[in-house]
Every structure is written in C-alpha cells, then in structure tokens.
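Indexing begins at 1, ligand by ligand and atom by atom, following the structure's order.
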Amino acid sequence: MTNKIWAYIDQFKGEALPSSWETIGAGLTLAESLGGGVTAVVFGENIKGVAEEAFQYGADEVIVADDPTLGDYRAEAYTTLLAKLAADSAPDVILFPTTTRGREVSGMAAVDLNTGVLVDVTALEVVDGVVVATRPIYAGKLLAKVQCSAKPQLITLRGRAFAKPVEDATRSGTPITVPAALTEDEISVKVVDYATVSGGVSLADAAVIVSGGRGVSNNPKLTPPGDLDEAGQEIWKAQQGFKLVGDLAAALGGAVGASRAAVDAGYIPYSNQVGQTGKVVAPDMYVACGISGAIQHLAGMRTSKMIVAINKDPDAPIFKLARFGVVGDLFEILPPLVEAMKARLGK
Ligand SMILES: Cc1cc2nc3c(=O)[nH]c(=O)nc-3n(C[C@H](O)[C@H](O)[C@H](O)COP(=O)(O)OP(=O)(O)OC[C@H]3O[C@@H](n4cnc5c(N)ncnc54)[C@H](O)[C@@H]3O)c2cc1C
C-alpha cells in the first residue's frame with residue numbers, strides 16, 4: 001500500500017454510495033500536489049464489483065476486505081479494521097464521504113489513531129505540503145480554513161461539493177485483499193433486520209431537490225374529509241401539498257426534502273429534513289416551496305448550485321438567497337410547472 005492518500009468507499013449491500021467516488025476525485029487532485037496516487041478502501045461482503053468500479057473511477061490501488069463479518073455494516077468491525085490498516089501503512093490523508101457511515105467510521109477511527117477529523121469539508125488545498133480544508137461554520141455564515149496537525153488527516157467531504165471523476169471502463173487492476181480485523185464473536189452488535197424508512201432518490205446524492213415547508217398545508221380552497229379533527233385536516237392538506245412537491249421532484253428526477261416545521265408538524269418523516277439538524281445537501285438545483293428561509297434551514301442547503309424559491313410572501317428571507325424567485329401560491333404554481341417540466345423532459 002504505497003499511496004499516501006486513501007479514499008474510503010461507503011457501500012451498502014455491494015453498491016457504493018455515489019458520493020464515495022467524489023473522494024477518489026478529490027484525492028486525485030490532492031495527489032497532483034502531494035505526489036503518488038489514490039488508494040481506495042472497500043469493506044463488505046461480495047464487493048468485487050465495487051472494487052472494480054473503484055479502479056474505473058481512478059484509484060491506483062484498491063484495498064479490499066471481503067468477509068461475511070463485514071456484510072452488515074457494524075461500526076466496531078469497520079473502524080477496527082480501518083484503524084489497523086492505517087496504523088500499519090501510515091497514509092497522510094484519508095478522505096470519506098460525509099454519509100452517516102462515513103461520519104461514524106472517520107470519527108471512531110480518529111480516536112483509535114489519535115488524530116483529528118475535519119467534517120463536512122467543501123474545498124481542499126495543499127499549503128506547504130499540508131492539506132488545508134474549508135468547511136462552513138455558524139450555519140454556513142462563515143467559511144473556516146482548518147487543518148489537522150496529526151496524521152493521518154481524516155477528512156469527510158460534503159456530498160456533491162467535489163466533482164465525481166469520469167468513469168473509465170477500460171481501467172482495471174488487482175485489489176490488495178486483507179482479512180477482517182475481528183471475528184464474529186468479537187463483534188458485539190448483531191444486525192437483526194433492516195427497516196426501510198425512505199425510498200426513491202437519496203437526498204445526499206440527488207442532483208435536484210424539491211422541498212416543502214409549512215406552506216404546503218396552506219390551501220384554504222381544499223376541503224378535507226369531515227371526519228378528521230383539526231390536526232388531521234392540516235396533515236391531509238399537507239399531503240396534497242407534498243404530492244405536488246413530489247410530482248415536481250419526480251418530473252425532474254430528484255428527491256423530496258422538507259423544512260423542520262414540516263417534519264415537526266408530522267407532514268413528512270425526519271429522514272427528509274434539510275438543515276442544521278437535518279441533512280446537509282448541495283444539489284445542482286434546490287427548489288424551496290412554502291419555506292421561509294430560516295437560518296437553520298439555509299445551513300443545510302445554502303451551498304446548492306442554484307436555488308429556486310416559491311413563496312407567497314415577497315419578503316420571505318429565502319428570496320435573498322434564491323437565483324430565481326416566484327412570488328405566489330404553490331398550489332397554483334406547481335401543477336402547471338409539473339406539466340410544463342414533464343412536457344419539456346418528455347415524461
Ligand atoms: C436548534 C434549531 C435547529 C433547527 N434545525 C432546522 C433544520 O434542520 N431545518 C429547518 O428547516 N429548520 C430548522 N429549524 C427551524 C427553523 O428555525 C424554522 O422554524 C423552520 O425552518 C421554518 O420552516 P418553514 O420555512 O417551513 O416554516 P415557516 O417559517 O412557517 O414558513 C412557511 C412559509 O411558507 C409560505 N407560504 C405559506 N403558504 C404558502 C403557499 N400556499 N404557497 C407558497 N408559500 C406559502 C409563507 O409565506 C412562509 O414563508 C431549527 C430551529 C432550531 C432552533
């Protein structure tokens with residue numbers, strides 16, 4: 001294992017999360033200054049295909065631990081193995097996607113390796129041979145430049161903040177296989193079952209996100225079923241609003257997001273929440289429908305490449321950040337917009 005830059009590939013059931021490939025792209029850019037290439041690291045079971053893809057996305061080396069004990073993600077097993085490999089090979093930098101597992105493995109490995117972890121980084125540069133990372137702080141109001149004086153520097157990259165390398169199907173290689181670090185008896189967590197809490201396009205990887213806020217329940221013209229109480233009527237109205245939000249997301253091939261107000265009111269599950277206490281996203285286009293633009297919401301989406309806002313209130317703070325703003329009722333604007341998008345995109 002010769003390279004000083006490693007890229008951790010987060011996979012689930014033999015499929016890499018798309019943001020994992022961005023770690024290879026960012027690693028290759030660093031390698032232009034630091035020298036060497038990029039070593040991808042993949043743990044799991046039946047992950048031959050992921051290792052092949054890692055070569056195709058530009059990794060020069062791929063370390064693979066393919067073992068039944070790694071079939072289900074368990075922090076103990078993954079972290080112990082990564083820390084052991086890093087202690088043995090002493091890379092300078094390990095890049096992770098800022099996924100739930102990427103955050104957990106990097107944080108725990110940092111403890112084992114007695115180093116630091118720079119989280120949710122949006123840019124990297126090399127200054128005097130040291131990697132300096134940029135990360136948004138204070139809900140995205142400031143950008144801080146940070147570096148870690150210990151090695152390896154563990155860095156998690158914000159999804160879609162770095163370009164995914166172009167896949168080259170002609171590239172291939174032979175992975176370096178390593179054994180798991182723990183036996184099944186040594187792993188205290190057992191995975192019993194998986195419960196699906198959300199489906200469709202994942203928020204972290206979506207190029208387009210259409211989000212709904214409290215405004216999705218505000219349509220006085222709708223008549224909810226009479227047998228519902230006041231709270232039930234509000235949720236019923238919100239479901240009609242979120243159906244329109246979902247229709248636009250589907251027409252654009254995107255994912256559905258939400259403000260915390262919408263989540264707290266029970267309109268949509270927490271897994272859809274964008275913001276300081278939800279998911280941090282950076283899609284090519286973010287469409288905010290009936291969302292005022294509170295600082296805590298902006299913290300989760302302000303690095304989107306293009307923001308579109310639909311809101312009845314011309315003074316809503318979201319318009320300060322939006323490239324395109326539509327002042328009006330989302331219940332009137334979304335239906336013709338969905339039809340126009342479907343027609344234009346041939347759906
Ligand atoms: C510690 C902390 C953490 C937080 N974390 C988050 C977080 O992660 N994510 C988050 O989103 N919030 C978070 N919040 C909450 C945040 O402060 C706001 O309360 C929340 O974002 C407001 O959601 P909203 O914009 O949907 O609702 P509102 O602020 O009530 O805005 C609703 C908007 O809809 C518009 N509207 C109403 N009807 C229509 C219609 N028919 N058509 C078009 N527009 C309409 C209104 O003009 C208004 O602008 C957090 C707060 C705290 C204190």
Side-chain angles (χ1 to χ4, degrees), residues 98-100 103 119-120 122 135-142 158-159 197-198 202-204 206 209-224 230-231 233-249 254-283 285-304 307-338:
T98 308
T99 54
T100 308
R103 278 173 182 262
V119 181
D120 200 23
T122 53
R135 58 183 303 268
I137 57 169
Y138 299 124
K141 287 233 156 196
L142 283 181
R158 179 174 290 191
V197 289
S198 63
S202 103
L203 275 179
I209 294 175
V210 185
S211 283
R214 206 192 313 261
V216 299
S217 65
N218 182 24
N219 183 354
K221 290 184 196 147
L222 286 174
T223 314
E230 205 180 320
Q233 293 192 358
E234 182 186 334
I235 292 203
W236 183 88
K237 284 186 179 180
Q239 284 166 348
Q240 316 311 309
F242 263 112
K243 168 144 191 343
L244 297 175
V245 168
D247 286 347
L248 183 60
V256 173
S259 72
R260 177 161 158 181
V263 171
D264 286 352
Y267 302 168
I268 189 162
Y270 169 70
S271 53
N272 295 76
Q273 185 180 316
V274 171
Q276 189 181 318
T277 44
K279 297 213 166 66
V280 176
V281 297
M285 181 165 76
Y286 187 91
V287 187
C289 308
I291 292 178
S292 59
I295 177 93
Q296 296 89 355
H297 188 78
L298 304 186
M301 43 63 82
R302 71 184 318 147
T303 52
S304 304
I307 295 168
V308 180
I310 302 170
N311 197 303
K312 276 169 91 159
D313 175 7
D315 296 322
I318 190 78
F319 286 126
K320 292 205 179 89
L321 207 65
R323 173 113 53 101
F324 298 103
V326 185
V327 178
D329 187 331
L330 67 93
F331 286 89
E332 285 168 19
I333 291 157
L334 286 179
L337 184 59
V338 170

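- Contact analysis puts Gly328 in contact with ligand 1, with a non-hydrogen atom separation below 4.0 angstrom.
- Arg158 pairs with exactly one of Thr303, Thr122, Thr98 by the side-chain hydrogen bond (donor to acceptor under 3.5 Å, both in side chains) rule, that one being Thr303.
- Counting only distance, with no hydrogens or angles, the side chain of Gln240 and the backbone of Trp236 share a donor-acceptor pair below 3.5 Å.
- If you check which protein heavy atom lies closest to atom 37 (C) of ligand 1, you get Gly215 CA, 3.5 Å.
- Atoms of ligand 1 lying under 4.0 Å from any heavy atom of Gln276, numbered from 1 in the order shown and given with element: 7 (C), 8 (O).
- Protein heavy atom nearest atom 7 (C) of ligand 1, with residue, atom name and distance: Gln273 NE2, 3.2 Å.
- For Asn311, the heavy-atom gap to ligand 1 drops under 4.0 angstrom.
- In the vicinity of Gly278, heavy-atom distances shorter than 4.0 Å reach the ligand 1 atoms 8 (O).
- If you check which protein heavy atom lies closest to atom 42 (N) of ligand 1, you get Leu330 N, 2.9 Å.
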| task | Under the side-chain contact (heavy atoms from CB on, under 4.5 Å) rule, what do Asp120 and Val280 come out as? Steps first, then yes or no, please. | result | CA-CA 9 Å; Asp120 200 23; Val280 176; 3.8 Å; yes
| request: Show your working on side-chain contact (heavy atoms from CB on, under 4.5 Å) between Leu203 and Ile209 and close with a plain yes or no. | output: CA-CA 7 Å; Leu203 275 179; Ile209 294 175; 3.8 Å; yes
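- Taking atom 34 (O) of ligand 1 as the reference point, the nearest protein heavy-atom neighbour is Gly290 O, 3.0 Å.
- Contact detail for Ala139 and Gln276: the closest heavy-atom pair is CB-OE1, 4.2 Å.
- The distance from ligand 1 to the heavy atoms of Gly275 drops below 4.0 Å at these ligand atoms: 7 (C), 8 (O), 9 (N).
- Among Ala294, Gly212, Gly213, the residue whose heavy atom lies nearest to atom 20 (C) of ligand 1 is Ala294.
- The protein heavy atom nearest to atom 22 (C) of ligand 1 is Ala261 CB, 3.8 Å.
- Distance alone, capped at 3.5 Å, places no donor-acceptor pair between the Asn272 side chain and the Ala258 backbone.
- The closest non-hydrogen atom to atom 44 (N) of ligand 1, taken over Lys312, Arg260, His297, comes from Lys312.
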| message | What verdict does the side-chain contact (heavy atoms from CB on, under 4.5 Å) test give for Gln296 and Thr277, after you've listed the backbone C-alpha separation in whole Å, the side-chain angles of each residue and the deciding distance to 0.1 Å? | response | CA-CA 8 Å; Gln296 296 89 355; Thr277 44; 6.0 Å; no
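- Between the side chain of Lys279 and the main chain of Ser271, a donor-acceptor pair closer than 3.5 Å is present.
- Of the candidates Val280, Val274, Thr277, Val263, Val274 brings a heavy atom nearest to atom 9 (N) of ligand 1.
- Remark: Ile137 pairs with Arg135, Leu142, Ala144 by the side chain to side chain contact (heavy atoms under 4.5 Å, CB included) rule, at least two apart or across chains.
- The option with the heavy atom closest to atom 31 (O) of ligand 1, from among Ala258, Ser259, Ser292, Ser211, is Ser292.
- Considering only non-hydrogen protein atoms, atom 38 (N) of ligand 1 sits nearest to Asn218 ND2, 2.9 Å.
- For atom 14 (N) of ligand 1, the nearest non-hydrogen atom of the protein is Gln296 CB, 3.5 Å.
- For Ala288, the side chain to side chain contact (heavy atoms under 4.5 Å, CB included) test picks out Tyr286, Ile291, Ile318, with sequence neighbours left out.
- If you number the atoms of ligand 1 from 1 as listed, the ones under 4.0 Å from a heavy atom of Asp313 come out as 47 (O).
- Protein heavy atom at the shortest distance from atom 30 (O) of ligand 1 is Arg214 NE, 2.7 Å.
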| query | Between Asp313 and Ser292, does a side-chain contact (heavy atoms from CB on, under 4.5 Å) hold up when you go through it step by step? | reply | CA-CA 8 Å; Asp313 175 7; Ser292 59; over 6 Å; no
